[in-house]
Every structure is written in C-alpha cells, then in structure tokens.
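See below for the structure under consideration.
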Amino acid sequence: EIIFWGENPDTTPYGVPYEEPGVYATDNVDTIINQSAFEIVSNVNPNQLGSYSITYKVSDSSENESTAIRTVDVIDNTPPEIFFNGENPDTAPYGFPYLDPGVYAIDDVDGNINQGGFSEIVSNVNTDLLGTYTITYLVVDNAGNESTAIRTVNVIDDTPPQIVFLGENPDETPYGVPYQEPGVYATDNYDNFIPQSNFSEIISNVNENQIGSYSVLYRVSDSSGNESTANRIVNVVDETPPVISILGQNPTSIDQGVTYEDAGATAIDEIDGDLTQRIVTTPAVLDTSIAGTFSIEYFVVDNAGNAASAT
C-alpha cells in the first residue's frame, strides 16, 4: 500500500519549483518500501497554472505492483504589487485641485495591470483645507488575490503672501522733512489679509537730511511660514527754491536822467548754499531817461531746478 507524505491533492504556488513531499509503501512481507524503490513520473509545471499529477509505481519482492497518483494544483496565491507614479507621500497646494499621478500593478501571472483595471480608488483629499489625506488603491488579480496601497497627500500652503503698497513706489520725500512711510499690507491665499502690524520686519535707511535714493524693506510671513519681501524706493528730493533777498530800499526812487546804481540781491539755497552769482537781473540796466515806475526782476535756479524770483 502506497502512503503519501504531505497532502493529496496538493497545491504549489505559481513560479516556485514544486517540492514533492514524498511517499513510502507498506507490504505484508517486505514491511516498509522507501521512496528510492519507486518509479516516479511527474508532469508538474510550476510556470503554468493548472492541475497536474505525479504517478508513483512500486513493486514488492514478489513483483506485486501498486500505483498511486498525487494531484498537484499549481495556483496563483501571490497578490499583485502596486507601484506609485509620482511621490508618496505627495504634496498638493492649497486651493488647487489635486491631480493624482496614478498607480499601476504588476502581477506574477496577469502581468501589468493599469489603473483602469483597479477595483477601487477611494480619496478623501480636500485641497480647500490644510491637512493630511489618503488615497486608497485596491486591485484584484484574476485569481482573486487582492492588494491595497495608500498614498498620503499633504495639502500645504506653499504660496507666499503678496505685499501691497499704500502710497507710491517709488516715493518722494522733501529734503529736511521726516519721511512719513505710507504703509503696506499683504494678501495671502490662506490667511487672506495681513496688516502691517503683523509684518516681521520693516527696515528703512531713509536719510531725509541727505539728497539721494533710499529704500524701505518690508518682510512678512504667513501662518505656514511662507515669506515675502518687498522694497519701496524713497527719493529724498530738493523741492525748496532759493531765497532771494533784495539789497537796499525796496521800493526806491531816483531823479530822471540819473544813472541808477542797483544795490542788487542775494540768493541762498538750503542745499546749494550761496547762489548770488547765479542771479539774472532784468533789465540789466535801467533806462532813467523816461519818468515812471519800473520793476527790476531777480531770478535764480538751484541745482534741483527749483526757481525763485523777486522784484
């Protein structure tokens, strides 16, 4: 009588060489006949799903023959392996629809399984709310072996605030007058409005006592740590004309026909200093041959183009 070790029928996984568990026989005369005395014929092909057989044949010392067959089913019991396109974990910007980069699976029997062949894809991603979400992918091969995989999606705010200037940029301020910074605020895709009081840094190098171009640096961060900086250009300019001072009496009088000796005028500018030598007098010579009332105009322009006149 042939006795099987192991199971009959037996199973073996696809793609794995079959390990035959063995047999032996008992005989009323020979007692035990081990497997080495058997003739064994197997058609098991582990690389092809199906049902196969192993035939065992043995004879005792009296040439009494017995045969037995073990059935071996090559089965697919290996689930597909899921592969992610893109990153896992992945990130998605706040406020924008999430585009799932997709998945595919490889099965040792069925081969490639594209995303369209997946049984179920469940996503709870909400890009209108910061947080961590998941997409669960389920795939089943033709043998019913099931695999699941999860992609983690972090919805993040990675957009920096936008700084908005109140007033002009570039701006101007008069020489010698303290600069009145007109202010800023920021808009943010998540935090909405950020007032100037929440700016992390405002640095100004404006020197109103020195003509030139300066800057005010503004720095702000939103609640997600996204930082923005902006610069306002501030030009300290000379807007004040020179001061003309007429020398001598004004008004004054002379006799007709007498040569008029003009006492002149001085011009002082707060930046350029003494501009007296630049004064243009009109008329240069007063015609006293005719009796009447006449005006002498003194005109001067500073280096910034500020003009002054006096009569």
- Item | Glu201, CD: over 12 other non-hydrogen atoms inside 6.0 angstrom | yes
- Only one of Val139, Ile82, Asn85 passes side chain to side chain contact (heavy atoms under 4.5 Å, CB included) with Val103; say which it is. Ile82
- Query: Is there a chain of hydrophobic side chains (I, L, V, M, F, W, Y, each step under 4.5 Å between heavy atoms) that links Tyr14 to Ile75?
  - Reply: no
- Message: Hydrophobic cluster membership, with links at side-chain heavy-atom distances under 4.5 Å among I/L/V/M/F/W/Y: are Phe294 and Ile296 in one?
- Response: yes
- Task: Indicate yes or no for a side-chain donor-acceptor contact from Asp76 to the backbone of Ala143 under 3.5 Å, with no hydrogens or angles considered.
- Result: no
- Item | Distance-only donor-acceptor check, side chains Glu270 and Thr240, under 3.5 Å | yes
- Message: Any heavy-atom pair between the side chains of Ser224 and Asp158 that's under 4.5 Å?
- Response: no
- Between Tyr24 and Phe4, is any pair of side-chain heavy atoms under 4.5 Å apart? no
- Message: One thing to verify: whether Arg232 and Glu168 come together as a salt bridge, which I'm taking to mean a side-chain N less than 4.0 angstrom from a carboxylate O.
- Response: no
- Item | Backbone of Pro80 reached by a side-chain donor or acceptor of Ser147 within 3.5 Å | yes
- Message: Do Thr67 and Tyr56 have side chains that approach each other closer than 4.5 Å (heavy atoms only, starting at C-beta)?
- Response: no
- Query: Do Glu261 and Ile254 touch side chain to side chain, with heavy atoms closer than 4.5 Å?
  - Reply: no
- Query: Among side-chain atoms of Asp30 and Ser61, is any donor-acceptor pair under 3.5 angstrom?
  - Reply: yes
- Message: Donor-acceptor check, side chain of Asn205 to backbone of Tyr214, threshold 3.5 angstrom: yes or no?
- Response: no
- Message: I'd like to know if the side chain of Tyr298 pairs up with that of Asp262 as donor and acceptor (distance under 3.5 Å, no hydrogens or angles considered).
- Response: yes
- Message: What I want to find out is whether Arg151 reaches Asp100 closely enough, with some N-O distance under 4.0 Å, to be called a salt bridge.
- Response: yes
- Item | Any side-chain heavy-atom pair of Asn303 and Arg278 under 4.5 Å | yes
- Donor-acceptor under 3.5 Å (Asp255 side chain, Val258 main chain): no
- Can you tell me if Asn226 and Tyr190 form a side-chain donor-acceptor pair at under 3.5 Å? no
- Task: Give a yes or no on whether Gln180 atom CD has more than 12 heavy-atom contacts from other residues, nucleotides or ligands under 6.0 Å away.
- Result: no
- Measure the shortest side-chain to side-chain distance between Pro161 and Thr187 over non-hydrogen atoms and say whether it is less than 4.5 angstrom. no
- Between Asp274 and Thr276, a side-chain donor and acceptor under 3.5 Å: yes
- Query: Do Ile40 and Val74 share a hydrophobic cluster (ILVMFWY, side-chain heavy atoms under 4.5 Å, transitive)?
  - Reply: yes
- Task: Measure the shortest side-chain to side-chain distance between Tyr175 and Ile271 over non-hydrogen atoms and say whether it is less than 4.5 angstrom.
- Result: yes
